[in-house]
Amino acid sequence: MSFDSLGLPEELLRAVKEQGYTKPSPIQEQAIPVILSGKDVMAAAQTGTGKTAGFTLPLLANLMKGERAKANQVRVLILTPTRELAAQIHESVCNYGQNLPLRSAVVFGGVKINPQMQLLRRGVDVLVATPGRLLDLYQQNAVRFKQLEVLVLDEADRMLDMGFIHDIKRIIKFLPEKRQNLLFSATFSNDIRKLAKGLVNDPVEISVSPRNTTAESVTQFIYEVDKTKKSPLLSTLIKENKWKQVLVFSKTKHGANRLVKQLEGRGILSAAIHGNKSQAARTRALASFKEGKITVLVATDIAARGIDIDQLEQVVNFDLPHVSEDYVHRIGRTGRAGNKGEAISLVCEDEFKLLKDIEKLIKKIIPRKVQPGFEPGTPLPPSVLDSREAKPKKPKKPRVEHKDGQRTGANNGARQSRVRSNFVGK
Ligand code: AMP
């Protein structure tokens, strides 16, 4: 199938061509016609499947028809859990909408609120936002939803994990009842289905296989190693294999900082990206990594969520994640768009239980290696695949303060400001 047969207008087809996409991804094939028709959608799709274009393209096409946004009004609201994801979605909106006379903006916490208020004054056709900051803006009368046509919840599972459920419910109350709803989530847990019940009307359900659990393009294996040897082992692997660009996941912010210091001490250029870093520092680190100025980017799960780096070949789990689904998200950073990728986990004795949970989730045993000179004191027990059904997860309590520092109180956003305001098109 080609993009031409999906019913998109010529302005958008031109923009898609300019991105170099030759054919729609499975989620795009399924979602674009349905969203164009105005129906509600519930889609199981992760980052890496092309879902952003899957909803952005038809939404922009529909926006071309209606009346432009008036002062402080928003026509399409896209809610996302993290600033990085918000910024990336907005970038996609700008790229795909480059030939259209529509206006878009992105707002998130951790930066000054005033410039965002000014930005919204003229009204925007598309607003990408994190929930906490959107509520602050709403309370200050900076944003209105009379003209709202569509609500998109992206990475809904992650939003619930991060404790945004109450914020989301409050936001929904402000919106006109008659609207199109699109819900995207990597997984469809009971909690998500509960949220969906009060949100989507007679939705078309779309599911594309989570390509990173099945993708043959990602080679996965683990190195058995003692905890204290992980950092020297990582340096050895980077040097021996001459890795040029490695995304390393660390469980904690502190651990990420420590690892960067150790790697730099061994002459490996590195930076960390997590919630205690300012937005400017995070943006800078990501840019240096993308441009190849540093070899290693050490990230916590939340900070890395949605990071999109073309042709990233190497992902390393310095620690195994406590939430098994995060493993799938982590390795999904590599092996995109048919490129090959490798995901390596450094696993010590205490992490065996986490490894078992991950293997159960992905329904396969990850092959193991031991690097000569790094033999573990106590080898890991052998893995046996547990095929019993997982118990439903207990709902998590909402957190007041999010790990990535997105919401630090009723009036977040006193820190350094960098707001993207973009005109889509001329
Ligand atoms: P997403 O799942 O939206 O985060 O997109 C993942 C990556 O796939 C992004 O780098 C997109 O630019 C890219 N992409 C989206 N659609 C296509 C397509 N039809 N062909 C090739 N690459 C695509």
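Counting starts at 1 for both ligands and their atoms, in listed order. Quick caveat: nothing in here was measured; it's all calculated off a predicted structure.
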Under the criterion side chain to side chain donor-acceptor pair (under 3.5 Å), I'd like the reasoning laid out for Ser231 against Arg266: C-alpha separation, chi angles, the key distance, then a yes or no. CA-CA 10 Å; Ser231 165; Arg266 298 183 199 115; 2.9 Å; yes
Salt bridge or not between Glu351 and Lys230? Use side-chain N to carboxylate O under 4.0 Å. yes
For Ser37, enumerate each residue passing the side chain to side chain contact (heavy atoms under 4.5 Å, CB included) test, keeping only those at least two apart in sequence or located in another chain. Lys39
With atoms numbered from 1 as shown, which atoms in ligand 1 lie under 4.0 angstrom from a non-hydrogen atom of Phe3? 19 (N)
Is any N or O atom of Tyr96, backbone or side chain, closer than 3.5 Å to an N or O atom of ligand 1? no
Short list, please: which atoms of ligand 1 are under 4.0 Å from a heavy atom of Lys23? 18 (C), 19 (N), 20 (N)
Is there a heavy atom of Gln19 sitting under 4.0 angstrom from any atom of ligand 1? no
Please identify each residue that fulfils ring pair (Phe, Tyr, Trp, His ring centres under 6.0 Å) with Phe3, with sequence neighbours left out. none
Report, in ascending order of atom number, the atoms of ligand 1 lying under 4.0 Å from any heavy atom of Lys51. 1 (P), 2 (O), 3 (O)
Determine whether the side chains of Arg368 and Ser383 contain a donor N or O and an acceptor N or O closer than 3.5 Å. yes
Counting from 1 in the order shown, the ligand 1 atoms closer than 4.0 Å to a non-hydrogen atom of Thr52 are 1 (P), 3 (O), 4 (O)
Below the 3.5 angstrom mark, is there an N/O of Thr22, backbone or side chain, next to an N/O of ligand 1? no
Do NZ/NE/NH1/NH2 and the carboxylate oxygens of Arg158 and Asp326 come within less than 4.0 Å? yes
Give the contacting part of Phe55 toward ligand 1: side chain, backbone, both or neither, where contact means a heavy-atom distance below 4.0 Å. neither
